[in-house]
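Below you'll find the structure, written out as structure tokens, and then a few comments.
Residue numbering restarts at 1 for every chain, and letters A, B, ... go by the order of the sequence lines. Just so it is clear, the structure is predicted and the values come from calculations on it, not from any experiment.
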Number of protein chains: 2
Amino acid sequence: MPAANGAKCPAMALAEAILVCLTERPMTGYELTKTFDTSIGFFWRAAHQQVYRELQQLRASGFLDSEEVIQTGKPNKTIYTVNARGRRHLKEWSRAATERPPARDNLYVKLYALDCVDLAAVRAQIAERLVMHKARLALYERIEAKRFSGRINDLRRTGLKLGLQLGLTVERGAIAWCETALATLDQHLGKALRAGRERRQKASA
Amino acid sequence: MPAANGAKCPAMALAEAILVCLTERPMTGYELTKTFDTSIGFFWRAAHQQVYRELQQLRASGFLDSEEVIQTGKPNKTIYTVNARGRRHLKEWSRAATERPPARDNLYVKLYALDCVDLAAVRAQIAERLVMHKARLALYERIEAKRFSGRINDLRRTGLKLGLQLGLTVERGAIAWCETALATLDQHLGKALRAGRERRQKASA
DNA sequence: AGGGCATATGCAATTATGTTCATATGCTCC
DNA sequence: GGAGCATATGAACATAATTGCATATGCCCT
């Protein structure tokens, strides 16, 4: 299989997510992995095994240069840098249309057949989501206040700010929805509880 | 490999998405495929090949009963029904915690390194998304008006309405964000245009 | 002395998802 | 008479993502 393919720009976007991270600064696989746990990890997750595998492929494709750094006391590390070809590839890839990916959220599937699920369990799952969305929102707000409060001129940070704003919008919407959903489900659960109490009273009468 | 596994409830949720569809009514693979193009397809997509493959596995796992219907003029069809075991499995599965899946949207990756992309192309992609989100919102609003306007009592339709409300929230947020993003990018593109004009004027002077 | 964590990397296997190709009939439209 | 669509199904291949296993050192805490 030839490594070089100029024209074709397929999906496989973990590769591009890594390239994009490395345009900020050269990094090791280990550092990249930590990035996929935090910043870019907000919308794209990858385990360290995936990162290392993809790095090798990107180097084989000629998009990355690598430099091994000998260390004492710790294992040696390899620092990867996006080269000119990698940057060209990224710009080319950015021109390809982006499809909106489907949500593929198990919670939505459960919602789709609410009469077939364990209602109390699903309620609890939505409550957990609410906590998570609130935590995420608080985090995004902290980042906004700390790093994106003033006027922003450079393009790089403009993109990051837009991403952050998208995150804020998504979390706020999700929080509002969770609260509505919990209220709605509680009505149904209350009904079930009352019905259960009545049955038990009749039985004991 | 044994088909029966009571305790284990792994991810693999296309299977559950199909089960959930079939709890509404028994269907053929062909009908299911159409469902994955519309209603459940709003958040979970699957091609007919995936659907047929999964149906066979679900039948092998003992979650579905199947009945072949001989037809003339058209190919014969197989109608699948969720049996008691399938329903038990679904209820059991509904109890497992749901992780929020990562967005994995290429557009966000491009946003993440806005200084490395083709800015005009990305702007155009956001504009396309805006059109798509507006169309989707309009569709959801039509569905809401037609099928979920009055009071809803049964659990099944409550779940669907909650899903619809989530969709409305998501699309409205996305539309607002796209409009902000386009305005922001236009400032940068305007700047670049003006700079280009100045360069050309100096060159011709 | 042993447990756990941070650093640093990677192979192998499995699961999940997506794409290409294949088949077969009858209808309608041009 | 051919193009294209609706009906109806599936094998085989290809890509992507997750999970289990594996290694190695130094530090801190108990």
| task | Using whole Å, report how far CD of A/E54 lies from P of D/dA17. | result | 8 Å
| said: Can you tell me if A/R104 touches the phosphate of C/dG18, counting only side-chain N or O atoms and a distance under 4.0 Å to OP1 or OP2? | reply: yes
| Going by heavy atoms in the side chains, are A/N153 and B/K191 under 4.5 Å from each other? | yes
| request: Round to the nearest Å and state the distance from A/Q50 atom CD to C/dC11 atom P. | output: 14 Å
| message | I need the single residue from A/R172, A/K146, A/R147 that forms a salt bridge (charged side-chain N to carboxylate O under 4.0 Å, His left out) with A/E141. Which is it? | response | A/R172
| Does a donor on one side chain sit under 3.5 Å from an acceptor on the other, for B/R85 and B/S61? | no
| query | Does CD belonging to B/Q57 count more than 12 external heavy atoms closer than 6.0 Å? | reply | yes
| task | Would you kindly give the CG-to-C1' distance between A/L14 and C/dA16, to the nearest whole Å? | result | 16 Å
| request: If a protein heavy atom is under 4.0 Å from the base, mark B; if only from the sugar-phosphate, S; if neither, -; do that for nucleotides 2-10 of chain C going 5' to 3'. | output: ----SBBBB
| query | Please give, in whole Å, the distance from D/dA17 P to B/M12 CE? | reply | 19 Å
| task | In whole angstrom, give the distance that lies between atom CZ of A/R53 and atom P of D/dT18. | result | 10 Å
| said: Closer than 4.0 angstrom, basic N to acidic O: yes or no for A/E31 and A/R25? | reply: yes
| query | Going by an N to O cut-off under 4.0 Å, is there a salt bridge joining A/E68 and A/R59? | reply | no
| request: Give the rounded distance in Å between these two atoms: CH2 of A/W44 and P of D/dT18. | output: 10 Å
